[in-house]
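Atoms considered below: every heavy atom in the structure, side chains included; atoms not considered: hydrogens, waters and symmetry mates.
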Amino acid sequence: MKRIFLCIIAIIGMSSNVKAQEDKYLWLEEVDGKKALEFVNEQSKKTEAKLTSSPYYKSIYDKSLEIYNSTDRIPYPSMYGDYVYNFWRDKDHVRGIWRRTQKSKYLNGEPEWETVLDIDALCKKDNKKWVYKGVSGLYPTFDRFLIRLSNGGGDAVVIREYDVNKKEFIKDGFYIPESKGNATYLDKNTLIVSSNFGEGTMTTSGYSNQIKLWKRGTYLKKAKLIFEGKRTDVASSGIVFRDGDKKYIAAYRSKTFYTREINIWHKEKFVTLDIPENASFNALLNDQAVLNLKSDWTVNGKTYKQGSIISLNFPDLLEGKHTTSLIYQPNELSSVSGVSTTKNTLLLNVLNDVNGELYIYKFNNGKWNEEKVNAPKHGRLSVYSTDETSNNYLFSFENFLTPRTVYYANADNNTFKAFKSLPSYFNSEKYEIKQFKVKSTDGTMVPYFVVHAKNMAFDGSNPTLISAYGGFESSSLPFYSASYGANLLDNGFVFVLANIRGGGEYGPKWHQAGLKEKRQNVYDDFHSVAEDLIAKKITSPKHLGIRGGSNGGLLVGVAFTQRPDLYNAVICAVPLLDMKRYNKLLAGASWMGEYGNPDKPEEWAFIKKYSPYHNLKPNKKYPEVFFYTSTRDDRVHPGHARKMAAKMKDMGYSFFYYENTEGGHAGSSTNEQSAKSTAMTFSYLIMKLK
């Protein structure tokens, strides 16, 4: 949820008070500034020339592109009415096609795909670098969709209404100019819209501060204002809750990244739900509002524990009453990683010591009944698609050595069957997976996975890559990567996935142990994993590399500035690095609930201790870092990576820097761009660590 939430954070302008802060590299924050782009182009060309001339580059690029373009990939489904929809890229569809097939044919394993919208053709017609960003359908007919398109891959999108039967954009249909807003159908002729409506309508975090009802045939600027939050909030956004034939307009007022006020239109006015502001409202099913508690909650004399999933009778809740039921209570090693619904069942993805489990819940006679799905073990389980017209659903299983398999399941009788599997792109029989735990600085036991050759020598010579995230309650789970297997494992690498604090592997408490003034716990955990790998003689500092993106980019930035003695390669992708100004750049203000407010002296006091940009010092033996970002990243400002690289350059340090001209926060917009990124980063790792 946190990553999906980050994906809609809106853009804000640069601070007008920059003169108050001494920073001679501020000019690099001007995204399209002439001087800034000259620096970017000079560094990118040097890096591209060096890494593409690596003897490994061509084979990695070709193998990666083959994987990304493979027709054997699983066409992941989104079910709308009688059809399954899928977005697909390959060598003939560089930007991709949005396509569909009848649900029955998809489930029979014999899909007959018809193209609904060709993004490549649209790019040519509009002379734009469109990137598909998803759709929202008109319930229950699903003959019309609101299509989100980004010019260059950023988070800001244009929203256009599309007729899927005629396969054309609707003339004089709904159209919302580029913004980081959102829109959904209330009915055929009415949208609920949160967008940039002009001056004074955006929060300091860059989200829309207003929610409007927009009627077909009227001007967007004349849409009816139905809700307005405060400009100091993170955002206000509107959605529609559906529970069978019932529907409710909901106005979310996000006060911070982790606290929100939920308002429901009831009896001709908005009613604020009396629930904890930090609880997640996950579903509405059979008149039961399903909540995920982020802290203990005492209601009607009963205390529900942090991390529990509970439900409340929704009609009662609208009247201010609390009729509660416990669905799931985690133990010390478990947490809920996902909540989904079918027509009338609830599905919970549970992590048990970072291994996936799946449960079905049915509400009968005032209580929830649990059934465990006998799904594969020791890996990641994900519910991929549900059908709101039945109790059928699709889930997948994978781990580091097992290609992803999608299963078609029925929640009524708790059965499932394998539907489609990814092919194996490398010989997994040569490798094994181990899970270790290491004691962090404060005594906390931190788990991590190691994938290595069965005949690995424990002599400290193995090139090893650690990947981690450590933030926003986002769990790092086992995954199958054909590219990692074919290009790293098969080149003698060991791969490590670290489950450090800040994530959600053990529920809200694991996340909250890394917030704000506790942030150093996250970095101590990461260092402890590295030290344990060295102590076990799996690797040594000369052969140890680290990789992280976004918040993970901050993680590895801290890692190499705090402990340069541990690492010899650092892939720092789309990173946050300047933690003094992060809240003034693009979406940064919305993340103060995670990191703190650097404008408050008492909070800057702990932030400045780890801010990589401010802890970079001369005359140190830093590893030769590879910074990777995108000019069109409108979430994490490319200025972070630019400024860090410029500062290192002036201090005389060697580094690699590459900035893609499009791709947004994902870094790439096409399979070719992804293959190039993979080939450069893996060539860098092999060059530095083997």
Side-chain angles (χ1 to χ4, degrees), residues 74-86 101-111 139-140 142 242-246 282-290 292 308-311 313-314 325-330 334-352 355-399 402-422 477:
I74 297 172
Y76 295 109
S78 296
M79 292 188 274
Y80 295 103
D82 294 330
Y83 288 91
V84 163
Y85 288 79
N86 166 259
T101 184
Q102 290 183 354
K103 186 189 299 180
S104 58
K105 292 184 178 180
Y106 180 89
L107 296 175
N108 286 335
E110 298 178 350
Y139 177 89
F142 298 111
R242 298 190 185 277
D243 185 12
D245 295 330
K246 302 173 186 176
N282 288 128
L284 181 59
L285 181 71
N286 299 334
D287 283 335
Q288 296 293 305
V290 179
N292 187 337
S308 294
I309 306 295
I310 69 169
S311 72
N313 181 279
F314 196 60
S325 300
L326 177 66
I327 303 174
Y328 178 86
Q329 181 172 308
S334 68
S335 66
V336 174
S337 61
V339 179
S340 310
T341 60
T342 63
K343 182 178 181 180
N344 50 36
T345 65
L346 184 73
L347 305 172
L348 294 189
N349 282 102
V350 171
L351 291 180
N352 192 345
N355 285 278
E357 298 176 348
L358 183 59
Y359 293 86
I360 299 169
Y361 289 86
K362 299 173 183 176
F363 190 72
N364 293 307
N365 300 320
K367 68 176 184 177
W368 292 92
N369 300 306
E370 174 191 287
E371 294 180 65
K372 185 177 181 180
V373 180
N374 188 27
K377 299 177 182 178
H378 307 301
R380 174 196 294 222
L381 287 168
S382 304
V383 175
Y384 258 99
S385 186
T386 61
D387 185 354
E388 58 191 301
T389 64
S390 74
N391 289 325
N392 297 324
Y393 64 100
L394 290 150
F395 74 90
S396 69
F397 173 83
E398 64 188 294
N399 63 31
T402 305
R404 185 177 301 163
T405 296
V406 173
Y407 297 85
Y408 183 51
N410 183 284
D412 286 325
N413 55 23
N414 194 6
T415 59
F416 62 88
K417 62 179 180 180
F419 174 67
K420 187 173 177 61
S421 297
L422 283 172
L477 304 179

For a 4.5 angstrom cut-off between non-hydrogen side-chain atoms, does [X] reach [Y]?
| X | Y | result |
| --- | --- | --- |
| Phe314 | Lys246 | no |
| Leu351 | Leu477 | yes |
| Leu348 | Val339 | yes |
| Ile310 | Ile327 | no |
| Val336 | Tyr328 | yes |
| Ser340 | Tyr393 | no |
| Asp387 | Lys103 | yes |

Worked verdict on Leu285 versus Phe363 for side chain to side chain contact (heavy atoms under 4.5 Å, CB included): CA-CA 9 Å; Leu285 181 71; Phe363 190 72; over 6 Å; no
Derivation and outcome, side chain to side chain contact (heavy atoms under 4.5 Å, CB included), residues Leu346 and Ile360: CA-CA 6 Å; Leu346 184 73; Ile360 299 169; over 6 Å; no
Pair Asn391-Asp412, side-chain donor/acceptor within less than 3.5 Å: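 Note: Asn391 and Asp412 side chains meet the donor-acceptor criterion.
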Asn108 atom CG, over 12 foreign heavy atoms within 6.0 Å: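 It does: Asn108 CG has more than 12 such atoms within range.
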Crowding at NZ, Lys343 (>12 non-hydrogen neighbours, <6.0 Å):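 Atom NZ in Lys343 is not packed in, count stays at 12 or less.
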Identify every side-chain donor-acceptor pair in residues 76-85 under 3.5 Å, counting partners at least two apart or on other chains, and give the distances.
from, atom 1, to, atom 2, distance (Å)
Tyr76, OH, Arg404, NH1, 2.7
Tyr85, OH, Arg100, NH1, 3.0

Intermediate values then yes/no, side chain to side chain contact (heavy atoms under 4.5 Å, CB included), Val406 and Phe419: CA-CA 5 Å; Val406 173; Phe419 174 67; 4.2 Å; yes
Name of the residue among Gln288, Glu370, Lys367 meeting side-chain hydrogen bond (donor to acceptor under 3.5 Å, both in side chains) with Tyr361: Glu370
Closest heavy-atom contact between [X] and [Y]?
| X | Y | result |
| --- | --- | --- |
| Gln329 | Ser308 | CG-OG, 3.6 Å |
| Gly379 | Asn355 | N-OD1, 3.6 Å |
| Ile74 | Lys420 | CD1-O, 3.9 Å |
| Pro75 | Asn86 | C-ND2, 3.3 Å |

Straight-line distance of [X] [atom1] to [Y] [atom2], nearest 0.5 Å:
| X | Y | atom1 | atom2 | value |
| --- | --- | --- | --- | --- |
| Asn344 | Ser390 | CG | OG | 9.5 Å |
| Thr402 | Arg380 | OG1 | CZ | 13.0 Å |
| Ser385 | Asn392 | OG | CG | 10.5 Å |
| Ser337 | Asn292 | OG | CG | 10.0 Å |
| Asn313 | Asn286 | CG | CG | 11.0 Å |
| Thr415 | Tyr408 | OG1 | OH | 9.5 Å |

Side-chain donor/acceptor of Thr386 to backbone N/O of Thr341, under 3.5 Å: yes
Whether Asn282 side chain and Val290 backbone form a donor-acceptor pair below 3.5 Å: no
Qualifying residues under ring pair (Phe, Tyr, Trp, His ring centres under 6.0 Å), relative to Phe416, sequence neighbours excluded: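 Residues passing ring pair (Phe, Tyr, Trp, His ring centres under 6.0 Å) with Phe416: Phe395, Tyr407.
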